[in-house]
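These numbers were taken from a predicted model, which means no experiment stands behind them.
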Amino acid sequence: IGMAVLLLIPSAKKNAIRIWANVAALAGFLVSLPLVFRFDKTADGFQFVERASWIPSLGVQYLIGIDGISLLMVMLTTVIGVVAILSSWSAIQERVKEYYAMFLLLQTGMLGVFISLDFFMFFVFWEVVLVPMYFIIGVWGGPRKLYAAIKFFIYTLAGGALMLLGILALYFQHYSQFGFYTFEVEKLMALTL
């Protein structure tokens, strides 16, 4: 939502863009803050689980939730997001709107990676993270930004392809053992390899 509103602000209003990006990042932190107090440290498994059928024929579902590690990663992402956006206030002078849009998209993708309980969703969010990261490095990076962006692209492309192969191997292995397809992390962890 923060990025969608940001795109409606005219590019010439740089301070309004900066203020809105900071408000959106702070709102993300404030929304995630109650998770700390409502999280039951004594409970096993995932909490705050939301599930909806997405592509049932392939066994893909919208499935999110958190455990202790993902809670820490969500909080770290939202805290550092606020600090990073605030600290870039005077550092970014050109293409301000694009920078903050990419940063908010990056933060959304990272949060999705940490809360996904379906490997298909995880992979989609993982790839979403790579797009704004490439542009942030390539447009606003240091002196060798194009070299760094291309290197980042090559390494993440290779890593993403290997990760996809691993996910698909688990996906097909689950079908051969249990007779149905799923990308659900907990069900894939039940595989005997």
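Remark: Ile1 CD1 is loosely packed, at most 12 non-hydrogen atoms of other residues, nucleotides or ligands lying under 6.0 Å away. In Ile69, the CD1 atom is not crowded: 12 or fewer heavy atoms of neighbouring residues, nucleotides or ligands sit closer than 6.0 Å. More than 12 heavy atoms of other residues, nucleotides or ligands lie within 6.0 Å of CZ in Phe123, so this atom counts as buried by the packing criterion. Within a 6.0 Å sphere centred on CD of Gln93, other residues, nucleotides and ligands contribute more than 12 heavy atoms. Within 6.0 Å of the OH atom in Tyr175, the count of heavy atoms belonging to other residues, nucleotides or ligands does not exceed 12.
Two residues are said to be in side-chain contact when any heavy atoms from C-beta on lie closer than 4.5 Å; Ile80 and Phe29 fail this criterion. Proximity of Asn15 to Trp89: side-chain heavy atoms (C-beta onward) are separated by under 4.5 Å at one or more points. Side-chain contact between Phe183 and Met121: absent, with no pair of heavy atoms (C-beta onward) separated by less than 4.5 Å. Considering only heavy atoms from C-beta on, Leu33 comes within 4.5 Å of Met75 through its side chain. In this structure the side chain of Val113 reaches within 4.5 angstrom of the side chain of Phe122, judged on heavy atoms.
A single hydrophobic cluster is not seen to contain both Val82 and Leu72; linkage of ILVMFWY side chains at heavy-atom distances under 4.5 Å, directly or through other members, places them apart. Both Met163 and Met189 belong to a single network of hydrophobic side chains, linked directly or stepwise wherever heavy atoms of I, L, V, M, F, W or Y lie under 4.5 Å apart. One hydrophobic cluster holds both Leu58 and Trp126 under the rule that ILVMFWY side chains link at heavy-atom gaps under 4.5 Å. If you chain together hydrophobic residues whose side chains sit under 4.5 Å apart, Trp140 and Val131 fall into the same group. No continuous path of hydrophobic side-chain contacts links Val49 to Val74 [ILVMFWY only; heavy atoms under 4.5 Å].
Between Tyr171 and Tyr181, the ring planes lie parallel to each other; the angle is under 30°, not in the 30° to 60° tilted range.
With rounding to the nearest 0.5 Å, the separation of CZ in Arg144 from CD1 in Ile150 is 11.0 Å. For the atom pair CZ of Phe46 and CD1 of Ile115, the computed distance is 12.0 Å after rounding to the nearest 0.5 Å. A distance of 14.5 Å separates CD1 in Ile19 from NZ in Lys14, rounded to the nearest 0.5 Å. Rounded to the nearest 0.5 angstrom, Leu63 CG and Asp118 CG are separated by 6.0 Å. Distance check: Leu170 CG to Phe172 CZ gives 11.5 Å after rounding to the nearest 0.5 Å. Put simply, CZ on Arg18 and NZ on Lys13 are 14.5 Å apart, with the number rounded to the nearest 0.5 Å.
Among residues at least two apart or in separate chains, there is no salt bridge (Lys or Arg N to Asp or Glu O under 4.0 Å) pair with a member in residues 149-163. The salt bridge (Lys or Arg N to Asp or Glu O under 4.0 Å) analysis of residues 40-53, with sequence neighbours excluded, yields the pairs Arg51-Glu184.
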- Message: Determine whether Phe180 and His174 satisfy the following criterion, side chain to side chain contact (heavy atoms under 4.5 Å, CB included), listing intermediate values before the conclusion.
- Response: CA-CA 7 Å; Phe180 65 96; His174 186 275; 3.3 Å; yes
- Message: side chain to side chain contact (heavy atoms under 4.5 Å, CB included) for Val139 and Glu98? Distances and angles first, verdict last.
- Response: CA-CA 10 Å; Val139 175; Glu98 292 87 350; over 6 Å; no
- Does the side chain to side chain contact (heavy atoms under 4.5 Å, CB included) test come out yes or no for Phe48 and Phe39, once each step is laid out? CA-CA 8 Å; Phe48 311 110; Phe39 188 80; 4.0 Å; yes
- Step by step, work out the side chain to side chain contact (heavy atoms under 4.5 Å, CB included) result for Ser88 and Tyr100. CA-CA 9 Å; Ser88 65; Tyr100 287 113; 3.2 Å; yes
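Among all heavy-atom pairs drawn from Leu6 and Ile17, the shortest one is CD1-CG2, 3.4 Å. Shortest non-hydrogen contact noted between Trp54 and Tyr62 is CB-N, 3.7 Å. Gly160 approaches Glu127 most closely through the heavy-atom pair CA-OE2, 4.1 Å. Closest approach of Phe125 to Ser116, counting heavy atoms only: CD1-OG, 3.4 Å. A pairwise comparison of heavy atoms in Ile85 and Ala25 identifies CD1-CB, 3.6 Å as the closest pair. Minimum interatomic distance between Ala24 and Gly2 (heavy atoms only, all atoms of both residues): CB-CA, 3.9 Å.
For Tyr99, there are no side-chain hydrogen bond (donor to acceptor under 3.5 Å, both in side chains) partners two or more places apart in sequence or in a different chain. Partners of Ser32 by side-chain hydrogen bond (donor to acceptor under 3.5 Å, both in side chains), not counting sequence neighbours, listed by chain and number: Thr78. Listed by chain and residue number, Asp67 satisfy the side-chain hydrogen bond (donor to acceptor under 3.5 Å, both in side chains) test with Ser70 (two or more places apart in sequence, or in another chain).
Of the candidates Asn22, Leu30, Val23, Leu30 is the only one forming a side-chain contact (heavy atoms from CB on, under 4.5 Å) with Leu26.
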List, one per line, each side-chain donor-acceptor pair under 3.5 Å for residues 102-110, sequence neighbours excluded.
| unit_1 | atom_1 | unit_2 | atom_2 | d |
| --- | --- | --- | --- | --- |
| Gln107 | NE2 | Thr77 | O | 3.2 |
| Thr108 | OG1 | Leu104 | O | 2.9 |

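Here the two rings, on Tyr134 and Phe152, have centers that are 6.0 Å apart or farther.
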